[in-house]
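Written out below as structure tokens is the structure these notes cover.
Reminder, nothing fancy here: chain letters follow the sequence lines and each chain counts from 1.
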Amino acid sequence: MTCEEAKNYFMDYLYQEIDDEGRKTLEAHLNSCESCRNEMAALKNTSTILQSYEEVDPRLNLIFVKESESVWQKIREQVENYLGSGTHWGTRLAYGLAIILICLSLLNMEISWEDGHFAFKMSLWPRSESTQFQESAITKNDLIEFQKDQILLMNKLIDASEAKQRREMILTLTDFTQEIERKRKSDFIVLGTSMEQLQFQTDQQLQLTNQSLDGLFKLINVQSTQQEIRR
Amino acid sequence: MTDTELIEKFLIGDIGAFNQLVWRWEKSIFNFILKMSGDFEASKDICQKTFIKAFKGLKKLNDHTKFKTWLYQIAVNHCRDEIRRQKKHKMISIEKLQEDCEEGAILPENLASDGRNSPDFHWNQKEIREILDQAFERIPEEQRLVIIMKEYQGLKFSEIAEILNQSINTTKSRMYYGLNALRKVFDQWDIKKEAFEYDL
């Protein structure tokens, strides 16, 4: 094996993609050729240096979710599946034209040549004479009338808004007054109850006092009677 | 569950199956893109775009056993677009260009430590990434692609050839010349293998 031939096997040998026979032949050459042996060692060194580059964990956290298809996309997919990838381009063209004609007829499309250009008209249902209208030029009077109508409408809206605000204010005041009245009554009740309690307590005190005084008078009478008897 | 089984489940409407594929391949694809572009944030975007494209295009993949190589093809295309975009916007000073021409590759200043000559000297992971990213930038893109796919993604030469749409011999040739180019860069920077070895 020559050095040129040996070099053709260097990569296979270095990365262990060489068969057994090739390995034996190459190793025999490397054992006898210092230049090739040194070159192989240098390539192995380089490979070792490259191996020190560690992998990084990107933590991308990629997650794919199903996209909800629009009606149009579903129709398109159905048509594509029906036509299939093997359909001749002529067949597809014919189908496409047929679909366009159907859509045009559904839309009642009318194409005519007027005043040197194409005119297109279409509607979703058949046109009748009564629905057609004629265009006419807008005059200055029309504009003034339109403006007056606009102003009247604005005034009505403002009045209606003011009336609504007034009603709401009245309701609010009424509620407020009723609330105050309720609180006043409640306060009086509380006050009255307190006075009654106070009166009751006072009466009780007086009764106790009277009882004490009665007891005292009786004692005094008893003592004076005893003094008289001793005399 | 194999990739093929997950793809078949996804095609009948199980979106969870696709998510499982994503979680299985996310790290590999991201690290491949990161080594190609050298930009962490841009790599996240490219990785997302890759999986979005895969999500939209998976029904058109006829041979489900080729999912891995197909996914890498999408990633490679996006990486190439990003590299082209980076080249457009990169500003390099005339002095730096001149230096690079006259002296060959120069180790970045922040990595040119005096302590490198010590036998106990070791690069930390951040420095290793910086050195290798810079070294990769100095070799042609096609060689870089092959080296990264072989060294880090564990792909066979036949798979790499399929992804890059080239012959197996071309792939091996680019690998060989790429490794030699990197060796020259490391020699110029006086980068020693021992400084990259860690005691685990």
Are there more than 12 heavy atoms of other residues, nucleotides or ligands under 6.0 Å from atom [atom1] of [X]?
X: A:Asp57; atom1: CG; result: yes
X: A:Glu21; atom1: CD; result: no
X: B:Lys49; atom1: NZ; result: no
X: B:Lys53; atom1: NZ; result: no
X: A:Phe64; atom1: CZ; result: yes
X: A:Glu34; atom1: CD; result: no
X: B:Phe40; atom1: CZ; result: yes
X: B:Phe157; atom1: CZ; result: yes

Taking [X] for its side chain and [Y] for its backbone only, find out whether a donor-acceptor pair lies under 3.5 Å.
X: A:Gln51; Y: B:Glu151; value: yes
X: B:Tyr152; Y: A:Leu50; value: yes
X: B:Trp23; Y: A:Leu62; value: yes

TODO: Could you have a look at A:Glu39, A:Lys7, A:Glu55 and say which one has the most heavy-atom pairs with chain B under 4.5 angstrom?
DONE: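 If we count pairs closer than 4.5 Å to chain B, A:Glu55 comes out on top.
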Contact origin within [X] toward chain A - heavy atom pairs under 4.5 Å:
X: B:Phe18; answer: side chain
X: B:Ile147; answer: side chain
X: B:Phe30; answer: side chain
X: B:Phe55; answer: side chain

Below 4.5 Å, heavy atoms only, C-beta onward: do [X] and [Y] meet side chain to side chain?
X: A:Val56; Y: B:Arg129; result: yes
X: B:Leu182; Y: A:Ile49; result: no
X: B:Ile128; Y: A:Glu54; result: no
X: B:Thr171; Y: A:Met11; result: no

TODO: Find out whether the Lys NZ or Arg CZ of B:Lys35 is both under 6.0 angstrom from the six-membered ring centre of A:Tyr53 and within 45° of the ring's axis.
DONE: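 Yes, B:Lys35 sits over the ring of A:Tyr53.
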Task: salt_bridge(B:Lys172, A:Glu17) N-O dist < 4.0 Å - done: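 Looking at B:Lys172 and A:Glu17, the cut-off is not met.
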Task: Full working for side-chain contact (heavy atoms from CB on, under 4.5 Å) between B:Asn180 and A:Thr46 - done: CA-CA 8 Å; B:Asn180 274 315; A:Thr46 309; over 6 Å; no
Task: Max heavy-atom pair count under 4.5 Å with chain A, selected residue of B:Glu26, B:Met175, B:Lys44 - done: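 With the most close heavy-atom pairs to chain A, the winner is B:Glu26.
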